[in-house]
Amino acid sequence: MAKNLVIVESPAKAKTIEGFLGKDFIVKSSYGHVRDLKKKGLSVDVANNFAPEYEISADKKKVIQELKDLVKKADLVWLATDEDREGEAISWHLEEALNLKNKETRRIVFHEITKNAINKAIENPRKVDYRLVDAQQARRVLDRLVGFEISPILWKKVKPSLSAGRVQSVTVRLIVERERDIQEFNQEVSYRVTAVFNVNGKAFKAELSKRYNTVEEARAYVQACVDAGFEVEELEVKPAKKTPAAPFTTSTLQQEASRKLGYSVARTMSVAQKLYEEGKITYMRTDSLNLSQTAIEAAVAEITSSFGAQYSKPRTFTNKSKGAQEAHEAIRPVDMSQKSVTGDSAEQRLYDLIWKRTLASQMADAELEKTRVKIKANGKSDLLQKAHFNARGEVIKFDGFLKVYFEGTDDDIAEPEEEGGLLPSMKVGDNLVRDNIVATQRFSNHPPRYSEAALVKKLEELGIGRPSTYAPTISTVQKRGYVVKEDREGHARQYHVITLDNKGLSEKDMTENTGAERSKLFPTDIGIVVTDFLVLNFERILSYDFTASVEKKFDDIAEGLLQWTDMLKDFYKGFHENVEATLEHSDRASGERELGMDPKSGKPIIARIGRFGPMVQIGSPDDEDKPKFASLRKDQSITNITLEEALDLFKLPRKVGEYEGAEISAAAGRFGPYLRHKSAFYSIREADGDDPLSIEIDRAIELIEAKRKADRERLIKEFSENPEMQLLNGRWGPYLKVGKENYKLPKGTEAENLTYEQCLKIAQDAPAKSAGGRGRAAVKSTSTAKPAAKKTSSTAKKSPSKKKSAKAPGKASKPGLKK
DNA sequence: CAGTGAGCGAGCTTCCGCTTGACTT
C-alpha cells in the first residue's frame, strides 16, 4: 500500500512523476483548480471584509471524492501544485476541500520534471505559503467584483447578456482603437527609385536615398539620369552577428505557429496539448524561457553530433516580461535526440518547430558580413547631387543557428528592403554601368489589423492575461460578439511607373491588389459601442496599465507587505462609487446615428444597437404609428451605413413569385438572407452573387431545388420501423438522427450496413447529454435570446429534464426513443 | 434556427485562471 499521496495539477505530469518516485508513492492530479467562488451571484461578502464564498466546482466533485478516499489510506500527503500564485492557491483549496488540517501534509515545488528535481523537492518540503494564497484571493475577488458589477450595467445600458472584465474589455479596446487608427489613417504617396547596376558583368540592385512626393519630381530625377555616369563613392564592410531567439513560451509558440504554419492560437494549443499528453514536449502553458540542465546537455550532445562542436553554445535566457511567474520550463522536446514524431501532420509540424527552436537556442551566433555601397551619380543636373544610391549586401560567414531555424516576422505588409545576398566585388572609384532606373509610385500602409497571435503578443507585453488564458480570451471576445475574425478581399489599385532602360525613358500605369487581409480581427458595432461606454465610465479599469498596477499590489500581498482585504477595500471604494454613479447618470449607449429622412413618411431614420444587435429604425415610439425596424446585415455597420442602404433593408420581405402554387418570399433573418416557400427555409448566399433584394423567380426555384437535392443526398438510410430514425451525412461524416436527437456512430462502422436494431442500440448506449454544460452548448443558449414560452412543445418538454441532469449527473431521458 | 425591437415584466445573462475530455450536424 502506498504510504505517500502526491497531488499535482496535470494528469500527464502525474504519470511521469509516478515513474520517478517508486512504489511508495501514488501520484494523482487535481485537474487544475478544485474550488472557486460560487458560480451564482457575486459570492463575495463585501460588508464582511470581502469574505469569499467558495464551492467545489461542479466538474471537480468526482476528483475530490477520489482524492478524499486516497487521503484516508495515505500516511503523508504531498501538495505538488505549481509554484506560482494560482498553484499555491490550489494547494490551499485542496487542504480545505480534502480536510487536510489533521493530516501530515507537505508542500513541495519543482520547476522541471526531471528525476533530480523531484527528489530535491521531496528533500525540501515546506508549508503552504498563505501570503501567496492571499494574493491569489485578491486577484480572484477583484476579477469577480469587476466582472459582476460592470456586466449588469451593460445589460441595462447597452444590451442583455453582454460582459465586461479586466482582461476581455481591454482586449477589445486594443482592437477598437486599432480600427480607429486605420480609419483615420492618411495615406501618403511617394515615388521610390531603384536601380540595377552592373560591374564586371555582374548585376546588383540599389535604392535611392530619398523618395519624391510628386510624379514631376520623380520624372525630373529619372530624366537627369539619362546622361549620368555612376561611380562607387564609399564602400563599407562590417561584421555583424545574429543571435538565436529564446526557446518557446506559450505566447511565442502561438506567434510562430501562426506565422509559419497558419494555425489559430486555439489550434496551436490543442495540437501542443496532444504532444504534451503523448510525452513528446514539456508543458505548453508557460511563460518561462528556462531549460533544465539536462535539456541543455541533451541539446549540446545533439548539436555536436549533428553539426560539430563549433555550432554549440549553451545559453540561458532571462525573462523580460514582468508578469512572468515561471512555474514551468520553456516549451521544449522531452527528448532532444528525437528529431521527429509520429502522429498527424499538425503534430509533426508543430513538433518540428519546437525541436528546431529549442536546438537553435543552444547554438552559436551566426556571423555575417554586411556591405554598404554608396553610389554617386555624375552629370549636369544638380538634382543628381542631392541624392545617392545605396546597395546593401549581406553574406553569411558562419551560419551558426541559422542552420536549423530562422524566426518569422509580423511585417507582412511592410515594404521589402532591397537587401541582396552577395554583392559583386568592387572598389571606391569604380564606374558602374546603369542597366535600368525605375521610379515606382508607392503608398504608405495603415497600421496592420491584429491577427490572433499578434494580439496575444500585445497582451503579453502589457502583462494582461496568462499563458492559460490567451486562447480562451480571444475566443471569448469573439463569442460575445465584440470582435470577428475575418478575411477581407483586397481591391485593385493603380500605380505609376517611370522606367529608364536601354530602350530609353518610358512611363506606364500598373495595377496591383492591395488591402487583402486573412484571419484578422475586426471590432463589431457592439464591440465599439461597449468599448466607448466603458472607456467613458470606467477609465481606470480600461486603461492599459490597470493590470500592471494591481499586479504590483498582488506582489506586495505575496511578500506580506499588504493585507489582501485592505487592498480590496482600497480598490472597491472608488470602484463601487463609480458603478453606482454610472448606473444612475450615464445615458443608454446605442451608438445611435441619424442617417437622414425617410422619403415616404418624412420621419428620421436612425441606426443603433437594439436588443438583438445593430438595426435601423424609422420613426420613434412616441409617434402615432409604430416605428419600423430592420436588422443590419452582417457586413454592414452602424458607423458607415448610408441612407440608401438603410432604405433597402426595409424592402424585405419581398415577394419573389409563385412556385408549385405557393408564394416564394425573400427576407433577411438572424442567420442571413433566406427564401421562404411552403413554410420551408432556403438560405441565400451572397457569396454566390445572390441578393434577397434582386433575386428572381428562376434563380429562387434553382436554389430551392438544389437544397431539396442536397437533402435527399444527405439521407443514407431510412427505417420503416421508425420514420423518425435516419442515417444522414453531416459535416463530420455519417451520423444517426432519431427525432431531434443526433448520435455519433462508433468508429469504424459503415453507416449503410447498419440495421434498425443496431441503430437503436447506438442511440441507447450513447452517454446522456450533459445539458447546460460548458462550451458550445452554453454559447448557443446565450446567443439565442428567445423566450422559452414560444418554443414548440417538444423542446419545452426537454427543458425540465435538462435542468435535472445538470444538477444530478446521471442519465437523462432520451426523447424519441421507443423500446 | 428564420420578419423579434414599447406595452406588463419573471428570471436569466456576467469575471479570470487552473486543468481535461465530451461533443458538435
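Each chain gets a letter, A, B and so on, in the order the sequences are listed, and its residues count up from 1. Nothing here was measured: the structure is a model prediction, and the numbers come from that model. Computed over heavy atoms, backbone and side chain alike; hydrogens, waters and symmetry mates excluded.
Arg144(A) comes within 4.0 angstrom of a base, heavy atoms only. As judged by a 4.0 angstrom heavy-atom cut-off over every strand, Pro472(A) is placed among residues making no nucleic acid contact. Residue-level contact check: Gly87(A) touches neither bases nor backbone, having no heavy atom under 4.0 Å from any strand. Heavy atoms of Lys40(A) sit under 4.0 angstrom from primed sugar atoms or phosphate atoms, though from no base atom.
The distance between the ring centers of Tyr572(A) and Phe50(A) falls below 6.0 angstrom.
For Tyr276(A), the ring pair (Phe, Tyr, Trp, His ring centres under 6.0 Å) test picks out Tyr283(A), with sequence neighbours left out. Residues that satisfy the ring pair (Phe, Tyr, Trp, His ring centres under 6.0 Å) test with His111(A), not counting sequence neighbours, are absent from this structure. For Lys38(A), there are no side chain to side chain donor-acceptor pair (under 3.5 Å) partners at least two apart in sequence or on another chain.
Lys479(A) places its NZ atom 12 Å from the P atom of dC16(B), with the value rounded to the nearest Å.
Distance from the side chain of Asp36(A) is smallest for dC16(B) among the nucleotides dC16(B), dT14(B), dC18(B).
Among residue pairs with one or both ends in residues 144-158 of chain A, none qualify as salt bridge (charged side-chain N to carboxylate O under 4.0 Å, His left out); sequence neighbours excluded.
By the 30° and 60° cut-offs, the orientation of the rings of Phe538(A) relative to Phe575(A) is tilted. Ring planes of Phe546(A) and Phe571(A): tilted class, angle from 30 to 60°.
Between Arg466(A) and the phosphate of dT19(B), there is no side-chain N or O to OP1/OP2 separation shorter than 4.0 Å. In this structure, Tyr283(A) reaches the dT19(B) phosphate: one of its side-chain N or O atoms is under 4.0 Å from OP1 or OP2. Taking side-chain N and O atoms only, Ser151(A) has no distance below 4.0 Å to OP1 or OP2 of dC15(B).
Proximity of a side-chain donor or acceptor of Arg593(A) to a complementary backbone N or O of Ile638(A) within less than 3.5 Å is detected.
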Pairing string of DNA chain B (Watson-Crick or G-U wobble, both atom distances under 3.5 Å; | = paired to other strand) is .........................

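Counting distance only, with no hydrogens placed and no angle test, the side-chain atoms of Ser631(A) and the base atoms of dG5(B) include a donor-acceptor pair under 3.5 Å. Interface remark: the Ser163(A) side chain does not form any donor-acceptor pair with the dT14(B) base, using a distance-only criterion of under 3.5 Å.
Using a 4.0 Å cutoff on non-hydrogen atoms, the parts of residues 647-656 of chain A near DNA chain B are Leu652(A), Pro653(A), ordered by number.
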